[in-house]
Number of protein chains: 6
Amino acid sequence: MPMVNIQVTREGSGPGRDSVTAEEKAALIAGVSQLLLDVLHKPLESTFVVIDEVETENWGWGGLPALEYRRRRAAGQA
Amino acid sequence: MPMVNIQVTREGSGPGRDSVTAEEKAALIAGVSQLLLDVLHKPLESTFVVIDEVETENWGWGGLPALEYRRRRAAGQA
Amino acid sequence: MPMVNIQVTREGSGPGRDSVTAEEKAALIAGVSQLLLDVLHKPLESTFVVIDEVETENWGWGGLPALEYRRRRAAGQA
Amino acid sequence: MPMVNIQVTREGSGPGRDSVTAEEKAALIAGVSQLLLDVLHKPLESTFVVIDEVETENWGWGGLPALEYRRRRAAGQA
Amino acid sequence: MPMVNIQVTREGSGPGRDSVTAEEKAALIAGVSQLLLDVLHKPLESTFVVIDEVETENWGWGGLPALEYRRRRAAGQA
Amino acid sequence: MPMVNIQVTREGSGPGRDSVTAEEKAALIAGVSQLLLDVLHKPLESTFVVIDEVETENWGWGGLPALEYRRRRAAGQA
């Protein structure tokens, strides 16, 4: 009866996207459910998955909002 | 000082509704707070409740997005 | 497919107990599952509940560890 | 590698605001990351913070939706 | 910067085990981190995973403690 | 009414310690509650904090159990 919670920033994974697509969500759900079946023998129907998309300004890393931290890292300042 | 987190899909509980209503949320808050008072003697004012409505495409069950899984179950395929 | 997480301090609800009993846990599980059935028509078998017992020194309230805060409130100092 | 989750109601902290501002979010992220550095010597870059803004009708306190509970407390009824 | 939380009951996946083994945990961590790399192009080093083992009496399903629910299902009563 | 959840590995912050001390926990509780007062004007008594200590083998980073990942990073291999 596993419960899996996946938190990611609300961003596109490539050009022209600004959020996780329905196909990507389905792939995450399928993949993690299969993993629990493979590793712990949990039946697919007993696993719940919740994907939580978080606005980038609500996510902190390195003491900064995530996008600012990434900019500084890319610029070699963090 | 209990904290209760209730995650449900963002759906209506009947025709013409597409989300949990304010009355239903109030009933969940009242019910679970009363339950903690009855079972563990926790005063109402010390219990926090957060209801988290999750888009159906962000919820996985049976290795599939939840609506797809329900459709297959209803069709006897899952 | 609701998921309910209940966090409480690891304490007994009465004299001679130092944690939540199995019977109390079963009552919480039964009560909150029934509540979701009554309010949102969620079938019992689609609700997962996790009870999380937290050591009292790991719980903060009023800027203090919970037991210290309770002592001060009882003494009229908080 | 701490993970910090901060749940607050989606409200403004003063007149003319109806949600937490980007500056306030940045201050929360900076402050809690620094706290983990100061107290547990966790490097800033190893701390993740997620701020979760919750609609007031989804937050329960005192067995009531939060705003209703606050109104009653202000009126001396709770 | 995904954060993944995996909640499972504290049980062995086969005879002679009473909890998830270190090898199984490592396989869950590797698998879910790889999944986020494959699906969302998240670098491995930006993903945090926390596995949360829950005592079976703290887990509810079907309105019952999980082991009791499984027994009834196995007996065709739930 | 903020709720703050702090997840850290169960480790000592210095020689001779193998977990977070009660003093460190109190400092985290005091610091984060004060932060919410300073930034969002939340009264101390309306903030709940839960500290969740996670066994190091239950924490994943970089696709590996956390201690293994740290060893590789220290050795310049990750």
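In what follows, chains are A, B, ... by sequence order, proteins preceding strands, each numbered from 1. Values reported hereafter were calculated over all heavy atoms of this structure, with side chains retained and with hydrogens, waters and symmetry mates removed. All values reported here derive from a predicted model rather than from experimental measurement.
Within residues 2-23 of chain C, the residues that have a heavy atom under 4.5 Å from a heavy atom of chain A are C/Pro2, C/Met3, listed by number. Taking 4.5 Å as the heavy-atom cut-off, the residues of residues 26-49 of chain A that approach chain C are A/Ser46, A/Phe48, A/Val49, ordered by number.
In this view, A/Glu57 and D/Lys25 satisfy the side-chain hydrogen bond (donor to acceptor under 3.5 Å, both in side chains) rule, not counting sequence neighbours.
Within the structure, salt bridge (charged side-chain N to carboxylate O under 4.0 Å, His left out) contacts touching residues 28-37 of chain C (residues at least two apart or in different chains) do not occur.
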